[in-house]
Structure formats: structure tokens, C-alpha cells
Amino acid sequence: MSDRRVRVRFAPSPTGPLHMGGVRTALFNYLFARKHGGDFLLRIEDTDQTRYVPGAEEYIVESLRWCGLVPDEGPGFGGAYGPYRQSERKDIYAGYARQLVASGWAYTSFDTPAELDAYRAEAEAAGRTFSYGPATRMGLRNSLSLPASEVQRLTGAGEPYAIRFKMPEDLDVTEEDLIRGSVTFNTRELDDKVLFKSDGMPTYHLANVVDDHLMEISHVIRGEEWLPSLPLHILLYRAFGWEETRPRFSHLPLILKPQGKGKLSKRDGDKMGFPVFPLLWKDPETGEHYRGYREDGYFPEAFLNLLALLGWNPGTDQEIFTLAEMATSFSLERVVKSGSRFDPEKARWFNRQYLQKKSAQELARLVVPILYAKNITVTLATVVAVVEEIKERCDFVGDFWEQGRYFFEAPAEYDEKAVSKRWKPGIPAAVEEITGLFSTATVWEAAPLKEEFSAFMNEKGYHFGDVMNALRICLVGGNVGPDLFRICELLGKAETLARLSTALRKLGPGH
RNA sequence: GGUCGGUUCAUCUAAGGGUUAGGAUUCAAGAUUUUCAUUCUUGCCAUAGGGGUUCGAAUCCCCUACCGACUGCCA
């Protein structure tokens with residue numbers, strides 16, 4: 001087992017969009033596979049026909065691709081252990097379920113869902129919980145309680161039945177979880193889980209064990225919500241006689257919502273202003289839209305990076321990692337056990353780190369489409385120059401417009417606060433003089449402009465700050481932005497002069 | 001309710017019996033930027049509570065509290 005090839009799987013159910021917690025699970029599986037030179041597979045767990053959501057599987061695949069977590073095997077990815085969609089493996093599960101019935105590890109049950117619902121309601125009314133298990137199974141309609149002839153008759157009559165696991169009555173099941181250490185369960189508390197449904201499909205429990213075995217999965221890395229069914233899965237491997245080769249288990253902590261209680265859920269994003277899904281998702285039933293990290297302007301590397309640090313750390317102070325670096329530093333031992341609260345502020349910080357590392361060239365290519373959408377056509381070189389100036393004030397590509405729109409369009413209005421603070425008596429006259437000075441400039445570049453300006457200011461004895469801030473208001477509309485003379489240079493002489501004179505006209509005399 | 005898991009600054013986390021309990025984010029202050037943002041510096045802020053064990057506990061044990069997951073012919 002120890003020298004076995006590492007093979008891990010990400011096994012989502014296509015019942016909706018992939019949650020960021022799911023992406024993290026995929027990431028940790030991916031990192032583990034890369035770290036150990038193993039295989040990362042994608043398996044679609046679509047055994048519940050009633051919960052099929054159109055587009056969900058495509059969404060999952062597209063999300064993984066966007067993140068760069070490309071499976072080595074999976075539906076559409078090839079691999080020697082396929083098919084990788086459980087609905088396409090339908091035929092193989094029944095035999096395994098029957099094998100368990102034959103060996104006495106399982107039995108057939110004829111109770112209908114309606115009957116079971118009634119038992120549950122009844123128990124609940126009496127303040128107890130109904131459990132289909134050792135204590136109750138003999139009083140229910142199954143191949144254990146019914147005479148063999150009756151069982152024969154029912155099956156012969158085509159009565160639908162499910163196959164349930166026959167949970168041992170009082171057995172301690174202990175497993176060494178790679179993240180949590182030793183965990184022990186007593187089967188007393190467990191029930192006879194359905195393994196094979198009356199609709200001919202296996203449940204998750206049967207399918208995941210059979211498939212993990214058949215696909216030679218060496219390590220199961222999944223969410224904490226699976227911990228309670230771990231003893232069942234362990235027992236299934238035992239029942240099949242697969243204990244020697246069965247995978248090792250690790251259960252990842254949950255991602256909690258930023259404020260309040262509970263795990264992060266799909267509504268939290270809209271309420272708190274951040275995405276919980278990797279990609280934009282349009283709910284095909286309700287038509288509702290859920291924002292995505294991609295559409296919100298996050299870089300996939302940043303998204304992955306922030307996800308990785310949510311529940312894992314390398315034990316050093318390093319926080320920024322490439323995927324490859326994460327893979328080399330990754331280990332399950334360094335995954336924390338407790339749930340982590342997601343912090344949108346830190347997420348923003350991560351994206352900023354990645355944005356700052358990108359060149360102006362790279363960023364400009366992302367900004368051009370934004371400008372284009374606003375019917376602004378400029379050369380790439382101009383965009384590069386602008387990006388260069390304002391990049392450090394941006395966290396997201398989308399910030400470039402807010403931070404730099406004045407490079408592409410004259411201010412439609414002037415910031416009131418700035419005007420009342422800076423547009424004082426005497427200032428307009430000085431601005432007019434500067435306009436005159438600039439109109440005679442021969443070399444329209446930041447450095448010489450600044451020199452001429454400074455010389456003029458000294459000669460006149462004007463206050464630098466006052467005049468510069470006033471000029472800034474005229475050119476950008478407020479007291480923001482990079483170096484004033486760089487702005488002049490990028491705007492060009494004609495545009496600069498035009499903005500100065502419109503401002504003079506619109507703002508009127510100082511007050 | 002039961003079972004299982006968890007609990008270090010507001011948040012993500014480090015410290016696997018011996019540190020002034022460290023870093024990051026947020027926040028605040030100062031510097032720089034004749035603007036704003038950035039950047040830099042500094043600061044604020046934590047071992048859930050109670051018992052043990054030990055010369056010594058954030059670390060090991062027990063109890064309590066709180067939080068979470070699960071408790072379906074869902075995954």
C-alpha cells in the first residue's frame with residue numbers, strides 16, 4: 001500500500017455550481033497528486049437522477065480549467081479507468097450489491113419511502129428518532145425479517161426493493177485520518193444505509209467505495225461532511241475483502257462564512273458582497289445569477305492561492321505561491337483541523353499581490369477590452385503607459401477604469417469637496433497664466449513641463465500646492481491620481497489645454 | 001436529542017512541554033508622496049472557562065461552555 005502509486009480523485013455531484021469549498025477540495029487533491037507524482041482524477045457522481053441540474057457538469061469542468069486544475073483522467077480527459085461518470089457505470093454496481101447480500105453483509109428491503117417517512121414522522125412526534133438499524137430492522141419489511149418464501153414472492157412479483165447494508169451491532173471502527181489523527185466510531189450509533197436504490201442506481205456510499213477500489217484510488221481527500229459516513233465506508237471495504245488495498249482517508253475542515261454562524265453557503269456572497277463560486281452561474285430553474293471570482297476580476301492564481309491558505313499553511317511565512325510551489329510544499333499533515341472563516345478583505349489583498357506582479361503590458365491587454373466596451377479606442381501603447389501610472393492603485397483589473405478614466409475622457413464634473421477646498425480666489429488667474437505658459441511649451445514631456453512650471457511658480461512667488469491641486473482638479477476632476485506632469489504628458493498638449501480652459505469656464509472665479 | 005469533529009489577536013494562522021505567544025489581513029498613528037492611493041515605520045489586539053499531570057502547559061488528560069458536520073432509496 002505504501003509503495004502504491006498515488007491516485008486521488010475529486011468527485012463532485014453535478015447538482016449545481018461548484019462551490020469555492022469544492023474548488024479547495026479539488027485543489028488539495030491536485031496538490032497531493034502533484035506532490036507525490038501521482039494522478040488526479042475527476043469523477044462525476046451523478047447517481048441521483050432527481051437532482052440532475054443541466055450545465056452543472058460543464059460548469060465543474062470549466063471551473064477546474066479556469067483554475068488550472070486539469071484532471072489527468074476524467075470525463076473528456078481520457079484515462080484507463082473509465083468511464084468516469086457514475087451514470088455510465090450503472091451496470092457494474094448491482095453485481096457488487098448482490099455480492100454483499102450473498103455474503104450476508106447486506107439485505108433487501110421492501111419498505112417504501114412513504115412508509116419510512118411515516119415511521120420518521122411518528123418517531124419525531126414521540127420525541128425520538130427513527131433509525132433503520134439493528135434495533136428496528138426485524139420489525140420492518142426486509143429479507144431478514146420476512147420468511148424466505150415471502151421474499152421470493154415479492155421479488156417475483158416485481159416489488160421494488162432497495163439493498164441495505166447490515167450494520168454490525170456493536171463494533172468499534174477506528175481509522176487514522178491523515179489530518180485528524182485517530183477517529184473511532186461505534187456501529188451502535190449507525191444505521192443500515194441504503195447501498196442500492198430501488199431505481200437501479202447505487203447510492204454514494206456503494207458507488208464511491210466500488211469506484212475508488214476499481215480506479216485504484218490511494219487517498220481519499222474530501223470534506224468534513226463525510227466524516228460521519230467513514231465507518232460505513234471502512235466496513236464496506238472490509239465486506240468486499242478490499243482492506244489491503246483500500247485508500248487512506250483525510251477529511252478537510254469546512255470554510256465558514258465571514259460573519260455569523262455556519263458554513264459558507266451560496267447566498268452569502270450576494271449578502272456580503274463577494275463571490276462564493278468560481279464562475280458566474282445562472283440558475284437554469286430560477287434564472288438567478290450568482291457572481292463568480294472570474295467575472296469579479298480575480299486572477300485564477302490568486303483565487304487558488306487564497307483558497308490554499310484557507311486551512312493549510314506551509315509552516316513558513318510564505319503566503320504567495322505558484323501552483324507548482326504549492327505542490328512542492330503541500331502536505332496533509334499541515335492542513336488544520338478547524339473550520340476557517342473566509343475573509344473577503346484578505347482575498348482582495350491576494351489578488352492585489354498578483355496584479356502588482358504583472359507587467360503593464362500584460363495588464364494593458366486586459367484593460368483594452370474594458371475600454372473597447374466603452375467605445376474608447378486608443379493604442380495599446382497608450383494603455384500600457386496609463387496602466388504603468390495607475391497600476392499600484394488597483395487591486396483588480398476592473399479598478400483600472402475607475403482609477404484612470406480621466407485619461408480617456410474629460411471630467412464631466414468636478415469633485416465638490418476638492419473644489420471648495422482648492423478653488424480659492426486668485427487661483428483661477430494663476431491657472432490661466434499656467435495655461436498660457438503651457439501653450440508655449442515646445443517639448444510636451446513631464447520633466448520639462450515640470451521645470452517650466454517650477455520656474456514660473458518661483459518667479460511669481462505662488463504657492464506650489466495650491467496651484468498644482470487646482471490644475472489637478474481641472475484635468476482629472478478631483479484631487480487624485482499620479483504625478484500631475486505625467487498626466488499632462490499622457491493627455492497631450494491639446495487635450496490638456498482644452499481641459500484647462502473648460503474648467504476655467506465651468507468653475508468660474510474662486511470663492 | 002444522539003454521534004463525531006473543532007476551539008490561539010476582529011480574521012487567516014505559527015509555536016508539535018521551556019519564546020517578551022511569531023507572521024499576515026483589517027484597523028489606527030507617523031513618515032514619504034506639495035494631491036489621493038501606494039510604500040515604509042510604529043501601534044492596538046489572542047491561547048474559551050475550570051480542574052488536573054509536570055519544576056514548567058497554548059501544547060498532555062478530564063469536565064463545562066460554545067461552534068460545526070452528520071443523523072435521506074441526497075451527495
Whole angstroms only, please: what is the [atom1]-[atom2] distance between [X] and [N]?
| X | N | atom1 | atom2 | answer |
| --- | --- | --- | --- | --- |
| N479(A) | U33(B) | CG | C1' | 13 Å |
| D483(A) | U38(B) | CG | P | 18 Å |
| H251(A) | U3(B) | NE2 | P | 20 Å |
| K337(A) | A14(B) | NZ | C1' | 14 Å |
| Q356(A) | A37(B) | CD | P | 16 Å |
| L309(A) | A14(B) | CG | P | 10 Å |
| F185(A) | G2(B) | CZ | P | 17 Å |
| D317(A) | C12(B) | CG | C1' | 13 Å |

Pairing of [X] and [Y] as salt bridge, 4.0 angstrom limit:
| X | Y | value |
| --- | --- | --- |
| E115(A) | R141(A) | yes |
| E409(A) | R405(A) | yes |
| D46(A) | R51(A) | no |

Backbone of M167(A) reached by a side-chain donor or acceptor of D192(A) within 3.5 Å: yes
Is a side-chain donor or acceptor of D111(A) paired with a backbone partner of L140(A) at a separation under 3.5 angstrom? no
Of all the nucleotides listed ([options]), which has the minimum atom distance to the side chain of [X]?
| X | options | result |
| --- | --- | --- |
| S340(A) | C12(B), U11(B), A14(B) | C12(B) |
| R352(A) | U39(B), U25(B), U13(B) | U39(B) |
| L310(A) | C12(B), A14(B), C4(B) | C12(B) |

[atom1] gap between [N] and [M], integer Å:
| N | M | atom1 | result |
| --- | --- | --- | --- |
| U7(B) | A14(B) | P | 10 Å |
| U3(B) | U8(B) | P | 24 Å |
| C12(B) | A46(B) | P | 16 Å |
| A37(B) | A69(B) | P | 41 Å |
| A58(B) | G2(B) | C1' | 31 Å |
| G23(B) | U42(B) | P | 10 Å |
| A21(B) | A48(B) | P | 15 Å |
| G72(B) | U53(B) | P | 44 Å |

Students often get this wrong, so: under 4.0 angstrom with heavy atoms, is [X] touching a base, only sugar-phosphate, or nothing?
| X | answer |
| --- | --- |
| R180(A) | sugar-phosphate |
| G478(A) | nothing |
| E189(A) | sugar-phosphate |
| R334(A) | sugar-phosphate |
| P258(A) | nothing |

Ring centres under 6.0 angstrom apart (W226(A), Y204(A)): yes
Tell me if the aromatic rings of F130(A) and Y119(A) count as close, with their centers under 6.0 Å from one another. yes
Using Watson-Crick or G-U wobble geometry with both distances below 3.5 Å, tell me the partner of [N], or none.
| N | answer |
| --- | --- |
| G16(B) | none |
| A65(B) | U7(B) |
| A28(B) | U42(B) |
| U54(B) | none |
| A37(B) | none |
| G1(B) | U71(B) |

State which residues pass side-chain hydrogen bond (donor to acceptor under 3.5 Å, both in side chains) with [X]; sequence neighbours excluded, sorted by chain then number.
| X | value |
| --- | --- |
| R24(A) | none |
| H213(A) | W242(A) |
| K193(A) | D191(A) |
| S143(A) | T108(A) |

Which sits closer to the 5' end of RNA chain B, V183(A) or L484(A), going by the nucleotide each is nearest to? V183(A)
On RNA chain B, check which nucleotide each of Q403(A) and N186(A) is closest to and give me the residue with the more 5' one. N186(A)
Reading nucleotides 63-75 of chain B from the 5' end, what letters show protein touch, with B for base, S for backbone sugar-phosphate only, - for no heavy atom under 4.0 Å? ----SSSS-SBBB
In 5'-to-3' order, the base (B), backbone-only (S) or no-contact (-) status of each nucleotide in nucleotides 41-46 of chain B, using a 4.0 angstrom heavy-atom cut-off, is ------
Does U13(B) have OP1 or OP2 sitting under 4.0 Å from an N or O in the side chain of N313(A)? no
If you take atom types as modelled and just measure distance, does the side chain of R341(A) reach the base of U11(B) with a donor-acceptor pair under 3.5 Å? no
Given ring-ring contact (aromatic ring centres under 6.0 Å, His included), test W312(A) with F28(A) step by step and report yes or no. CA-CA 9 Å; W312(A) 171 81; F28(A) 284 10; 7.2 Å; no
